[in-house]
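Let me begin by handing over the structure; questions about it come next.
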Amino acid sequence: NRQSVPNPAKCGERNGKEGSADTISQATYPQELGHRRIEMGAGIRVIGCLLPARYGCGNQPSDHQRGNEMTAMSTEGDNSPPAKPTRKRASRPRKPAVPKVQTAQERLTAALDEHAPPRLRIVDANDAGDHDRNGVYRPTSLDEYIGQPDAQMQTRMWILAASLEDKQPGHFMVSGAPGLGKTTIAGIVRGMWNAERVKKGLRPVRFHEVMGATVKEAPQMAVVLASLEEGDILLIDESHQMGLKAEEMLGLAMEDNRITVPGAKGEEPFTLELPNFTAICATTRPADMSRPLVDRQGMHITLDFYSEEELAEITRRAAKRDKVTVTPDACTALAKVGRGTPRIALKYLTIVRAYALTVGAKTVNDEVTLEGLSVFKIDAFGLDARDRRYMEAIFGGRVNPETGEKEYAGKRVGLKTIVAALSLTAKEIENDIEPYLLRVGFVDKAGRGRCPTIWAYNCLHPGKPVPLTRGLSH
């Protein structure tokens, strides 16, 4: 099957042509004629010549013939000197690697490489507390705390019982609407417990605060728990936002003071012993927390909305720190629009103070208060622009062309209709707008759909006839 390399001159004579017209040089011979080469040792052997038909060498060999040529040349001996055999060195036995001893914190850091670190805030033991942090007034003891008599009694009993038994206060949960003082209760517990420890000659404890949304995985919770010292207090704000694995690890730590931390890739889990500590879970949605974690709480404190008298007293105490004088009538007006929440009442106090400084008023009375609130579209009932849009959507009706007055239909409105009219989501309506309107008695949801109550008609549209609505409540 092997073909010899033809002579270009003879190829030219065979075709009956002489001269340099069809003669190719020796330098271009391999490239022009398409020689196939194979590397063998240090040299290159020409395997065969695949001449075109115009050189008179016949048809080109098939792929099968080319394969045979390659096989024949690969088995043929080479003229290059044989390579000297190399002596293979005997491999020396390697010394076993000494495992590096890592501390618990280093192993936790390695396990946390794949997850974001939690946002942990630690208050030093010598810190007096958050009496006025970032312009927010927070009482540091139950003597300064206003309202919530049941929560005050439960907190005082919990700390006093632990002090009499010389034990760490048990874990507990605080729930309630946003802005009612859940974080404040946790800070007061820390202050009371430090006072009891100082009486016994013990050192004060630290206060750890972490957001539940930043603790989703077990390694993140392990980092939080590893930072605790003996007697410390851990507050998990919005604890219903924690991940399931983080909740499971926290439950085991509360029960056994011991956690099993998953190691990094290729490492085995390890056990971490924890000191005595107190976990406080503050949440606005206790139903979203896992049942095992809720059952491990020793006490459950529920905060309710404040009365107007309590809000007026909270506003009056906070106004003492301002340069502007606030009258008692202004504090009462702020309490009426505060929606039973100290956070909202104090926010409106800031708005009114800014308005008074802008217009040059040295004293904030009820008139200045209402003027300052009207700049932000807040009326005397505490409704903002979004609340009034919602009420107008459920009022319904049309304008009478003869009288020019609006006549109300007196029909119930579905949630989808309200969503389309306000360009809001159903979650915003049910969670942000309707709770306060239901609490003050402006909306009726007893039947299918929503409709305003007679009290809402009399307050928002006084003097106008109330339409008859089926199932309308007073």
Side-chain angles (χ1 to χ4, degrees), residues 108 112 115-123 130 133 136 138 148 150-151 154-155 158-159 168-190 193 205-228 231-261 272 274-305 341-343 427 431 435:
L108 286 174
L112 194 66
H115 308 282
R119 297 180 181 178
L120 181 63
R121 173 177 169 267
I122 302 177
V123 179
D130 298 336
R133 181 168 61 95
V136 179
R138 295 183 186 274
Q148 309 292 345
D150 294 338
Q154 294 167 0
T155 303
W158 199 251
I159 299 300
Q168 181 75 15
H171 314 288
F172 64 94
M173 181 172 61
V174 186
S175 64
L180 295 183
K182 298 181 291 296
T183 306
T184 303
I185 288 289
I188 290 176
V189 168
R190 177 242 179 182
W193 182 237
V205 298
R206 298 187 303 171
F207 184 75
H208 303 247
E209 182 179 357
V210 65
M211 294 299 297
T214 63
V215 187
K216 294 292 186 180
E217 301 295 335
Q220 296 172 329
M221 177 57 70
V223 171
V224 174
L225 297 175
S227 64
L228 297 173
D232 285 356
I233 296 177
L234 171 63
L235 169 63
I236 305 175
D237 202 1
E238 301 298 337
S239 56
H240 63 274
Q241 297 181 355
M242 287 191 301
L244 182 59
K245 295 182 179 179
E247 287 188 353
E248 293 176 354
M249 177 169 287
L250 177 61
L252 295 177
M254 293 165 58
E255 196 169 52
D256 302 331
N257 279 29
R258 179 188 307 165
I259 58 174
T260 301
V261 182
L272 182 64
L274 299 177
N276 294 321
F277 70 99
T278 299
I280 305 175
C281 295
T283 176
T284 56
R285 298 179 180 179
D288 293 345
M289 296 177 59
S290 63
R291 197 69 225 171
L293 182 60
V294 174
D295 294 340
R296 286 186 172 96
Q297 309 292 336
M299 178 177 60
H300 186 184
I301 299 177
T302 303
L303 302 183
D304 201 357
F305 291 97
T341 306
R343 180 180 296 169
K427 185 177 181 180
N431 296 342

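Keep in mind that this is a model prediction, so the values were computed, not measured.
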Mind listing the side-chain donor-acceptor pairs of residues 246-256 below 3.5 Å, one per line with the distance, residues two or more places apart or on another chain?
residue: Glu247; atom: OE1; partner: Ser290; partner atom: N; Å: 3.4
residue: Glu247; atom: OE1; partner: Ser290; partner atom: OG; Å: 2.7
residue: Glu255; atom: OE1; partner: Arg296; partner atom: NH2; Å: 3.4

### Partners passing ring-ring contact (aromatic ring centres under 6.0 Å, His included) against Phe277 (at least two apart in sequence or in another chain)
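In terms of ring-ring contact (aromatic ring centres under 6.0 Å, His included), with neighbours along the sequence ignored, Phe277 is linked to His171.
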### Query
CD of Gln297 to CD1 of Ile280: how many Å apart, nearest 0.5 Å?
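Result: 10.0 Å between the selected atoms.
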### Message
Going by the rule side-chain hydrogen bond (donor to acceptor under 3.5 Å, both in side chains), which residues pair with Asn276 if we only count those two or more places apart in sequence or in a different chain?
### Response
Glu230, Asn257
### Query
Can you name the side-chain hydrogen bond (donor to acceptor under 3.5 Å, both in side chains) partners of Asn431, sequence neighbours left out?
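Asn431 satisfies side-chain hydrogen bond (donor to acceptor under 3.5 Å, both in side chains) with no other residue.
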### Contacts of Asp232 that satisfy salt bridge (Lys or Arg N to Asp or Glu O under 4.0 Å) - sequence neighbours left out
Arg206
### Task
Could you list the residues that satisfy side-chain hydrogen bond (donor to acceptor under 3.5 Å, both in side chains) with Thr284, not counting sequence neighbours?
Glu238
### Task
Name all residues meeting the side chain to side chain contact (heavy atoms under 4.5 Å, CB included) criterion together with Ala213; count only those two or more places apart in sequence or in a different chain, and write none if there are none.
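Counting only residues at least two positions away or on another chain, Ala213 forms a side chain to side chain contact (heavy atoms under 4.5 Å, CB included) with Gln241.
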### Min side-chain heavy-atom separation Leu293-Met242 under 4.5 Å
yes
#### Entry: Nearest atoms (heavy-atom pairs only) where Gly212 meets Ile236
CA-CG2, 4.2 Å
### Task
Applying side chain to side chain contact (heavy atoms under 4.5 Å, CB included), name anything that partners Asp304, two or more places apart in sequence or on another chain.
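Per chain and number, Asp304 pairs via side chain to side chain contact (heavy atoms under 4.5 Å, CB included) with Gln148.
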### Query
If you round to the nearest 0.5 Å, how far is CE of Met289 from OG of Ser175?
9.5 Å
### Message
So, using ring-ring contact (aromatic ring centres under 6.0 Å, His included) as the criterion, who are the partners of His240 when residues are at least two apart?
### Response
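Listed in chain order: nothing, the list is empty.
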### Query
Where is the tightest heavy-atom contact between Phe305 and Ala177, given as atom of each residue plus distance?
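Where Phe305 meets Ala177 most closely, the heavy atoms are CZ-CB, 3.8 Å.
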### Message
Given Val174, which partner from the list Thr184, Leu180, Asp237, Ile185 fulfils the side-chain contact (heavy atoms from CB on, under 4.5 Å) test?
### Response
Ile185
### Message
Is it true that, when you exclude Lys245 itself, more than 12 heavy atoms of the residues, nucleotides or ligands shown sit nearer than 6.0 Å to its NZ?
### Response
no
#### Entry: Inter-residue atom distance Thr155.OG1 - Asp150.CG, 0.5 Å rounding
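Result: 10.5 Å between the selected atoms.
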### Query
For the atom pair CD (Glu209) and CZ (Arg190), what is the distance rounded to the nearest 0.5 Å?
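Rounded to the nearest 0.5 Å, the CD-CZ separation comes to 11.5 Å.
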### Task
Hey, could you give me the CD1/CG distance between Ile259 and Leu274, rounded to the nearest 0.5 Å?
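Answer for the CD1-CG pair, Ile259 versus Leu274, is 5.0 Å.
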#### Entry: Residue pair Ala151 / Ile301: nearest heavy atoms and the distance that separates them
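Result for this residue pair: CB-CG2, 3.6 Å.
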### Query
How long is the span from the OG1 atom in Thr302 to the NZ atom in Lys182, to the nearest 0.5 Å?
11.0 Å
### Task
Mind listing the closest non-hydrogen atom pair of Val205 and Trp193 along with its distance?
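That would be CG2-CD1, 3.9 Å.
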### Task
Please identify each residue that fulfils side-chain hydrogen bond (donor to acceptor under 3.5 Å, both in side chains) with Arg258, with sequence neighbours left out.
Glu273
### Message
How close do Pro342 and Gly179 get, counting heavy atoms only, and between which atoms?
### Response
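Residues Pro342 and Gly179, closest heavy atoms: CD-O, 3.3 Å.
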### Query
Hey, does Phe172 have a side-chain heavy atom less than 4.5 Å from the side chain of Val189?
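Val189 reaches Phe172 side chain to side chain.
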### Task
Please assess Leu225 against Leu234 for the test side-chain contact (heavy atoms from CB on, under 4.5 Å), listing each intermediate value before the final yes or no.
CA-CA 9 Å; Leu225 297 175; Leu234 171 63; 4.1 Å; yes
### Query
Any chance the side chains of Thr214 and Gln220 put a donor and an acceptor closer than 3.5 Å?
no
### Message
Show the nearest heavy-atom pair for residues Met173 and Pro286, with the distance to one decimal.
### Response
CE-CB, 4.4 Å
